[in-house]
Amino acid sequence: MSISGHFLNARRVCLQAAGAGLLLLAAGRLATANAPAVAGARLAADFDATAAVWLGYDAGHEDLTAHLVEALAPYVRIKMLVRDAAAQADAWALLQRRGLNAGQIQFVQDARAPFFVRDAAVFGLDGEDKPFIVDFKWTYYGWAQWCRRTLQARSARSASSRPSSRTSGCERPDESGVGELDRWLAGQHGWASFQSSLAMEGGGVESNGQGLLIANSALWRARNPRLTHEAIESEIKRLPGVRKVIWLPYGLAHDPLHRGTIAGPYVGWGTGGHTDEFVRFADPRTVLLAWADDAEARSHPVARLNQARMRANHDVLVASKDQDGKPLRVVKVPLPKTIERPVVLAADADIAHSDQWSAASFAASEGRRNGDTVRQVATSSYLNFVVANKLVLLPDYVPHGTAPARQDQVRRIFESAFPGRRVQFMDAGHTHWFGGGMHCATLNEPLGRA
């Protein structure tokens, strides 16, 4: 998601393994994995009852923030994570200008607060139905690996550049700081914190709430390059309540890691394959899968790649069973029409802005030159939706060229998949250029016992 923002370093608190299990840290006490509070623990699902939805706040995304507050407030409590008092004052003033009650928002300040708050934490419920947070390692969406790979590839082809100097800018001072945010939130609220040795963001963790995870194999390998597939799966199954993992081979083509070429002149800015863009649970056994339009796949290379990738994912899902050995119900959800725009590569581009691109963002073997025009494809999908109790909030793509008939089809699919809940559309267009969407900008806190 967004690579903008300012974060402070914080002291890392270490949890140590005891016996065969990891430890939980809660309210100053340690409990082993065999303690009663852990027995029956599970990772939460987005469709679970929700105590609150967390939002981030950042300049440039004000419209989305205000629209999310307006849509969600009738259904769920809203908490907003802001960087400091000035950001809180700005958010308060924004809501007041839009005629919204800022007084109903619980504001929490921390200098590491990201706009795409989904990635900052993963929630679960322990055996006593109390919320806890899984503390995954934070690597800024695999920034260092991507940066070094890209710059070293360019350096190797340039006699005038030395790899050591070209890769020195790949270290980010904010990487370690934001990694402390999830445990800090847990401490502030008296929640347990379960430490995992795996690197991942919340947008890449898709749980059915009953012990089954769907995971993008390429994404988990990219975030944990020193581990084998088997080692990663073993560590995932150490997470509270996880009994089975279904591995899918591909994410969406227009969700590459950071900045990258998709095909020909088409480029994208993304996460490298977060599941919240292409595969989601609607209930413990119903899986929603992004699906490319046949006509568009014949005419557009990005849609064609997406069609091939999602067909491969579909084959895996229909052959899979849930954690109890029961078949899954797989529902295809049309992708919106591909959204794209021309971007001119420039040597002085600021990579913190989605509309500024440089040839240095690509491997030299691609032959990109500053002054070239590429076509950026937005990271768009109906699967980046938000569930908040009786509301299902979906991105609106009709303003961006998707035919109303296609979106009506999507509405019917979601009304069937989420019976008894209101299905509503809302434009989140600006965030798609930053590799995210409304689900990325929200974080569901599950309703448990206090």
Side-chain angles (χ1 to χ4, degrees), residues 15-24 32-34 38-46 118-119 121-126 132-139 141-142 145 179 182 193-252 255 257 271-281 284-285 287 289 309-310 312-328 330:
L15 301 178
Q16 298 179 346
L22 295 178
L23 301 180
L24 283 172
T32 69
N34 295 319
V38 182
R42 63 188 180 90
L43 299 192
D46 275 1
R118 171 70 54 175
D119 295 330
V122 172
F123 275 101
L125 291 168
D126 70 13
F132 68 88
I133 281 180
V134 176
D135 173 24
F136 286 109
K137 293 171 60 180
W138 176 258
T139 61
Y141 308 99
Q145 293 105 323
D182 49 4
S193 178
F194 185 97
Q195 187 180 36
S196 172
S197 62
L198 295 171
M200 187 46 62
E201 310 86 42
V205 180
E206 185 60 29
S207 166
N208 77 340
Q210 302 296 317
L212 175 64
L213 255 62
I214 293 179
N216 177 354
S217 178
L219 175 71
W220 284 84
R221 290 296 302 275
R223 294 294 190 272
N224 300 277
R226 292 183 174 86
L227 297 179
T228 64
H229 175 89
E230 292 74 19
I232 293 171
E233 178 164 339
S234 177
E235 288 302 311
I236 290 177
K237 288 182 177 178
R238 293 177 189 271
L239 300 176
V242 175
R243 296 158 55 192
K244 183 174 181 178
V245 184
I246 296 176
W247 292 102
L248 299 184
Y250 302 111
L252 289 174
D255 186 21
L257 178 58
T271 66
H274 273 186
T275 45
D276 68 355
E277 293 287 355
F278 72 95
V279 61
R280 301 280 301 279
F281 284 107
R285 290 176 56 197
V287 180
L289 179 67
R309 290 181 175 208
M310 296 305 111
N313 289 339
H314 182 266
D315 290 346
V316 173
L317 288 170
V318 296
S320 298
K321 302 291 193 296
D322 72 1
Q323 71 285 342
D324 297 316
K326 298 178 181 178
L328 301 172
V330 183

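Taken to the nearest 0.5 Å, the CG atom of Leu213 stands 12.5 Å off from the CZ atom of Arg243. The distance from the CD atom of Gln145 to the CG atom of Leu257 is 8.0 Å, given to the nearest 0.5 Å. To the nearest 0.5 Å, the span separating NZ on Lys244 from CG on Asp324 amounts to 9.5 Å. For the atom pair Ser320 OG and Leu212 CG, the distance stands at 8.5 Å (nearest 0.5 Å).
Residues Gln323 and Asn208 have side chains that bring a donor and an acceptor to within less than 3.5 angstrom of each other.
Looking only at side-chain heavy atoms (C-beta outward), Lys326 and Lys321 stay at 4.5 Å or farther from each other. Contact of the His314 side chain with the Leu317 side chain is not registered, since no non-hydrogen atoms from C-beta on lie closer than 4.5 Å. Contact check for His274 versus Asp119: side-chain heavy atoms found under the 4.5 Å cut-off. For the pair Thr139 and Tyr141, the minimum side-chain heavy-atom distance is 4.5 Å or more. Contact annotation: the side chain of Phe132 approaches that of Pro240 to within less than 4.5 Å [non-hydrogen atoms, C-beta and beyond]. Side-chain atoms of Leu219 and Thr275, non-hydrogen and from C-beta on, never get closer than 4.5 Å to each other.
Between the side chain of Ser217 and the main chain of Pro249, no donor-acceptor pair closer than 3.5 Å is present. In terms of modelled atom types and a separation under 3.5 Å, the side chain of Asn224 and the main chain of Leu227 share no donor-acceptor contact. Not a single donor-acceptor pair under 3.5 Å links the side chain of Ser197 to the backbone N or O of Glu235. Between the Asp182 side chain and the Val122 main chain, no donor and acceptor come within less than 3.5 Å of each other. Between the side chain of Asn216 and the backbone N or O of Gly273, at least one donor-acceptor pair lies under 3.5 Å.
Counting only residues at least two apart or in different chains, salt bridge (charged side-chain N to carboxylate O under 4.0 Å, His left out) contacts with residues 204-222 comprise Glu206-Arg280.
Salt-bridge annotation for Arg42 and Asp126: absent, with no side-chain N of the basic residue lying under 4.0 Å from a carboxylate O of the acidic one. Checked for salt-bridge contact, Arg118 and Glu201 miss the test: no charged N lies under 4.0 Å from a carboxylate O.
A perpendicular orientation is assigned to the rings of Trp220 and Phe136, their planes being inclined by more than 60° (bins at 30° and 60°).
For the pairing with Trp247, the side-chain contact (heavy atoms from CB on, under 4.5 Å) check across Val316, Ile236, Ile214 returns one residue only, Ile236. Considering Ile246, Val318, Leu248 in turn, Leu248 is the only one that fulfils the side-chain contact (heavy atoms from CB on, under 4.5 Å) rule with Asn313.
Residues passing the ring-ring contact (aromatic ring centres under 6.0 Å, His included) test with Phe281: none are found, sequence neighbours excluded.
Taking both residues in full, the closest heavy atoms of Ala199 and Arg223 are given as O-CB, 3.3 Å, listed atom of the first, atom of the second, then distance.
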